[in-house]
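Report on one structure; see the data block that follows.
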Amino acid sequence: MKIIDILREDRLHLSCELFPPKQGAQLANVDRLIGEIAALGPSYISVTYGASGGTSAHTVHIADLIQNRFGVPALAHLTCASSTHEQVQQVIGELKAAGVENILALRGDIPEDADFPLPNQYRYASELTAQIRASGDFCIGGACYPEGHPEAESMQADIGHLRHKLDAGCDFLTTQMFFDNHLYYQFVYRLRNAGIRVPVVPGIMPVTNGKMIKRTMALSGNMLPPKFRSIIEKYGDKPAAMEQAGIVYATEQIVDLAANGVNNIHIYTMNKPHVARKIFENLSELIGT
Ligand code: FAD
């Protein structure tokens, strides 16, 4: 099933993200991981792609399992910054052969200490989007950033660049995580004003590890609202309390988004099915309405 058709439905869905586990043992358990997430009834499951190789080989395999063994629509991420046109084409062909219909087309982060782009590499995700569009009947998603992409000279320029992705054939957008819903609402308002009408799926990260999020936010320059900072200061060193507070915070974000008419919300599960399960349980009366 194409994700764009799910996004057009007028009822609340939750979707989930997995990343290919790195360790051998974890990878061997990937079936169980997918099974636990699939049992929650997500509208689709996305699987990330290692920008610099590494776990990227597993993305096609995991997307195949999600879709063909567990019967859940799969969204395979695909990055191009560390790949040649030919390598990217090969992965597109593998996804097509596995019957995976949905791809999130990304540039990926530019590899350090490397000449970029080489003559047979793409500079931007929009170019990858065009290649996927020319390669088959895929539903294509793209990334967007409610606080602006760190490399963009301004939010206006970043939104301007999103248009290239849409012109190249992108059907929907998924946001970077954010912790203040007003950032999402303002961003979508700016997109609509710029004539961008595709669905914009908010990405919500349940933060269950205080130290990790402080590092991530320092690197991305994203904003931590005072309410959220207090939670991390109080519970960041108490793992069980931090996990509970992170689940409650993410649940509240989702309730607010749903109440304001957002119909599909993507949960960055960080390969923690028990965290995703608690969020689904918290929202059991909202899902599907
Ligand atoms: P682009 O859309 O190419 O944008 C990159 C920068 O270039 C932006 O600043 C943009 O404004 C600018 N730009 C775009 N087009 C032009 C143009 N024509 N002229 C001038 N400037 C331009 N990374 C992974 O490695 N693996 C993943 O699985 C993964 N999944 C992600 C999922 C989501 C939902 C998000 C939000 C991000 C994900 N990332 C992933 C991270 C992403 O790869 C990085 O943020 C990367 O730096 C940018 O990727 P992009 O696709 O947004 O790039």
Side-chain angles (χ1 to χ4, degrees), residues 3 7 15-22 44-60 62-63 66 74-83 87-88 91 95 100 102-112 114 116-117 121-132 140-179 183-184 187 190-191 194 196 198-205 216-217 219-222 264-271:
I3 285 171
L7 301 182
S15 49
C16 293
E17 178 172 294
L18 299 178
F19 55 83
K22 285 196 182 99
Y44 61 89
I45 301 177
S46 70
V47 51
T48 66
Y49 193 86
S52 52
T55 59
S56 57
H58 304 311
T59 300
V60 176
I62 293 174
I66 292 169
L75 172 63
H77 293 204
L78 177 58
T79 67
C80 55
S82 298
S83 304
Q87 287 166 330
V88 166
V91 180
L95 290 169
V100 174
N102 306 288
I103 303 180
L104 193 72
L106 300 144
R107 187 196 65 188
D109 288 321
I110 298 171
E112 279 173 31
F116 178 81
Q121 284 183 322
Y122 295 125
R123 181 183 286 272
Y124 300 117
S126 53
E127 298 163 302
L128 173 63
T129 304
Q131 182 175 347
I132 299 168
I140 307 173
C144 65
Y145 304 82
E147 296 174 71
H149 184 265
E151 288 165 37
E153 57 270 38
S154 66
M155 176 62 100
Q156 200 181 353
D158 206 25
I159 290 176
H161 297 147
L162 278 178
R163 175 138 301 288
H164 297 295
K165 285 191 209 189
L166 303 173
D167 292 346
C170 174
D171 297 300
F172 70 97
L173 297 167
T174 303
T175 74
Q176 177 69 289
M177 62 181 166
F178 55 86
F179 298 101
L183 292 167
Y184 171 82
F187 181 63
R190 294 184 75 157
L191 293 183
I196 295 175
V198 296
V200 183
V201 178
I204 297 295
M205 162 96 80
T216 309
M217 300 311 268
L219 284 175
S220 68
N222 284 14
N264 201 108
I265 296 160
H266 197 53
I267 304 175
Y268 295 121
T269 60
M270 304 302 290
N271 289 11

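Note that the structure is predicted; figures quoted are calculated from it, not measured. Atoms within a ligand are numbered from 1 in the order they appear, just like the ligands themselves.
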Self-check item: Close side-chain approach of Glu151 to His161, heavy-atom, < 4.5 Å
Solution: no
Quiz item: If we only count N/O pairs under 3.5 Å, is His161 in contact with ligand 1?
Solution: yes
Practice problem: Run the numbers for me: atoms of ligand 1, each under 4.0 Å from some heavy atom of Asp158, listed by number. | Solution: 8 (C), 9 (O), 10 (C), 11 (O)
Quiz prompt | Atom indices of ligand 1, in the order listed, that fall short of 4.0 Å to a heavy atom of His164 | solution = 18 (N)
Quiz item: Backbone or side chain, does any N or O of Tyr145 fall under 3.5 Å from an N or O of ligand 1?
Solution: yes
Quiz item: Do Lys165 and Tyr124 have side chains that get closer than 4.5 Å, going by heavy atoms?
Solution: no
Self-check item: Flag if over 12 foreign heavy atoms under 6.0 Å of CE, Met270
Solution: no
Quiz prompt | Proximal ligand 1 atoms for Leu104, defined as those under 4.0 Å from one of its heavy atoms | solution = 32 (C)
Quiz item: Is ligand 1 less than 4.0 angstrom away from at least one heavy atom of Leu78?
Solution: no
Quiz prompt | Contact partition for Thr48 relative to ligand 1, non-hydrogen atoms under 4.0 Å | solution = both
Quiz item: Does Gly108 reach ligand 1 with a nitrogen or oxygen that is under 3.5 Å from one of the ligand's nitrogen or oxygen atoms?
Solution: yes
Exercise. Give the minimum heavy-atom separation between Leu95 and Ile103, together with the two atoms involved.
Key: CD1-CD1, 3.8 Å
Self-check item: Exercise: identify the closest heavy-atom pair between Ala194 and Ile159
Solution: CB-CG2, 3.9 Å
Quiz prompt | Closest non-hydrogen atom pair, Gln176 against Tyr145 | solution = CB-CD2, 3.7 Å
Exercise. Would you indicate which of Lys165, Glu151, Arg123 comes nearest to atom 2 (O) of ligand 1 when only heavy atoms are counted?
Key: Lys165
Quiz prompt | Atom CD of Glu153: over 12 foreign heavy atoms under 6.0 Å | solution = yes
Practice problem: Would you mind reporting whether Asn264 and Phe172 have side-chain heavy atoms less than 4.5 Å apart? | Solution: no
Self-check item: N or O pair under 3.5 Å between Asp109 and ligand 1
Solution: yes
Exercise. With heavy atoms only and a cut-off of under 4.0 Å, state how His77 meets ligand 1: side chain, backbone, both or neither.
Key: side chain
Practice problem: Evaluate the side chain to side chain contact (heavy atoms under 4.5 Å, CB included) criterion for residues Asp158 and Leu162: first the C-alpha distance (whole Å), next the side-chain angles of each, then the deciding distance (0.1 Å), finally the verdict. | Solution: CA-CA 6 Å; Asp158 206 25; Leu162 278 178; 5.8 Å; no
Quiz item: Going by heavy atoms in the side chains, are Leu128 and Arg107 under 4.5 Å from each other?
Solution: no
Quiz item: So is Gln176 polar-close to ligand 1, meaning N/O to N/O under 3.5 Å?
Solution: no
Practice problem: Could you list the atoms of ligand 1 found under 4.0 angstrom from a heavy atom of Thr79? | Solution: 24 (C), 25 (O), 26 (N)
Quiz item: Hey, is Ile110 touching ligand 1 through its side chain, its backbone, both or neither, going by heavy atoms under 4.0 Å?
Solution: neither
Quiz prompt | Identity of the nearest option to atom 14 (C) of ligand 1, non-hydrogen atoms only, from Tyr124, Tyr268, Tyr122 | solution = Tyr124
Practice problem: Could you see which bit of Phe19 sits under 4.0 Å from ligand 1, with heavy atoms only: side chain, backbone, both or neither? | Solution: neither
Exercise. Of all the heavy-atom pairs spanning Thr129 and Cys170, show the shortest one and how long it is.
Key: CG2-N, 3.7 Å
Quiz item: Under 3.5 Å between some N or O of ligand 1 and some N or O of Leu106?
Solution: no
Quiz item: N/O of Thr174 under 3.5 Å from N/O of ligand 1, yes or no?
Solution: no
